[in-house]
Amino acid sequence: MIEQGKAKGHDLQMQNRRQIHMTGVQNVESFDSEQFILQTELGHLTIKGQNLHIKNLSLENGLLSIDGLVHSLVYLEPGSHHSKNKGMLGKLFK
């Protein structure tokens with residue numbers, strides 16, 4: 001049986017490692033000039049780079065455009081919880 005409703009989708013297009021345009025963005029959890037942490041329709045995405053900044057954002061439509069030099073794009077495994085790198089004490093006291 002096919003469930004009625006909005007189908008999940010997430011597309012990402014990168015041009016020359018300088019521009020990213022994506023759909024399916026649900027939330028921008030944090031960002032600065034070196035890292036963006038996003039919740040997408042298909043899980044958490046971390047984007048790392050230099051001089052990163054938001055060019056266009058519409059969470060109502062799930063759209064995001066980022067400019068800057070992109071070094072990496074990393075998706076977390078489904079079901080894993082996102083957390084920033086914890087120090088030694090943070091790892092000991094989970």
Side-chain angles (χ1 to χ4, degrees):
M1 177 179 206
I2 298 175
E3 186 176 320
Q4 297 277 338
K6 184 178 176 184
K8 289 186 179 185
H10 167 61
D11 293 316
L12 185 142
Q13 178 184 22
M14 183 166 44
Q15 298 169 334
N16 299 318
R17 290 183 61 188
R18 296 272 177 193
Q19 293 181 331
I20 295 176
H21 306 284
M22 66 182 82
T23 64
V25 176
Q26 295 176 329
N27 191 29
V28 177
E29 295 187 0
S30 69
F31 70 95
D32 59 32
S33 65
E34 295 180 349
Q35 178 174 279
F36 276 68
I37 300 172
L38 312 170
Q39 174 65 39
T40 73
E41 291 281 347
L42 300 178
H44 281 94
L45 169 63
T46 301
I47 301 170
K48 292 186 179 182
Q50 291 177 316
N51 301 319
L52 300 175
H53 61 275
I54 294 174
K55 183 176 177 182
N56 185 25
L57 173 64
S58 173
L59 291 178
E60 296 83 27
N61 297 317
L63 304 174
L64 173 64
S65 295
I66 299 173
D67 284 345
L69 180 61
V70 177
H71 293 305
S72 69
L73 300 162
V74 178
Y75 287 90
L76 291 179
E77 291 293 322
S80 66
H81 296 287
H82 168 74
S83 63
K84 291 189 176 183
N85 291 339
K86 295 180 180 179
M88 183 100 153
L89 291 176
K91 290 178 183 176
L92 289 173
F93 300 107
K94 286 185 180 179

Going from [atom1] on [X] to [atom2] on [Y], what distance comes out if it is rounded to the nearest 0.5 angstrom?
X: H53; Y: D67; atom1: NE2; atom2: CG; answer: 4.0 Å
X: N27; Y: L38; atom1: CG; atom2: CG; answer: 8.5 Å
X: L64; Y: K55; atom1: CG; atom2: NZ; answer: 11.5 Å
X: L52; Y: I47; atom1: CG; atom2: CD1; answer: 7.5 Å
X: T23; Y: D11; atom1: OG1; atom2: CG; answer: 4.0 Å

L42, F36: one ILVMFWY side-chain cluster at the under-4.5 Å cut-off?
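No, L42 and F36 fall in different hydrophobic clusters.
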Indicate, with yes or no, if V70 and L76 share a hydrophobic cluster defined by side-chain heavy-atom contacts under 4.5 Å among Ile, Leu, Val, Met, Phe, Trp and Tyr.
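Looking at the clustering, V70 is in a separate group from L76.
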Please determine whether the number of non-hydrogen atoms from other residues, nucleotides or ligands lying under 6.0 Å from atom [atom1] of [X] exceeds 12.
X: F31; atom1: CZ; result: no
X: Q19; atom1: CD; result: yes
X: N16; atom1: CG; result: no

Nearest heavy-atom neighbours spanning [X] and [Y]:
X: T40; Y: H10; answer: CG2-CE1, 3.6 Å
X: H71; Y: G49; answer: CD2-CA, 3.2 Å
X: L59; Y: V28; answer: CD2-N, 4.5 Å
X: I37; Y: Q35; answer: CD1-NE2, 3.4 Å
X: V25; Y: M22; answer: CG2-CG, 3.4 Å

Below 4.5 Å, heavy atoms only, C-beta onward: do L69 and N51 meet side chain to side chain?
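No, too far: nothing below the 4.5 Å cut-off.
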For the residue pair K48 and E34, establish whether any side-chain heavy-atom pair is separated by less than 4.5 Å.
no
Short side-chain to backbone donor-acceptor contact, S58 and L63, under 3.5 Å:
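No; judged by distance alone, with no hydrogens or angles, the pair does not exist.
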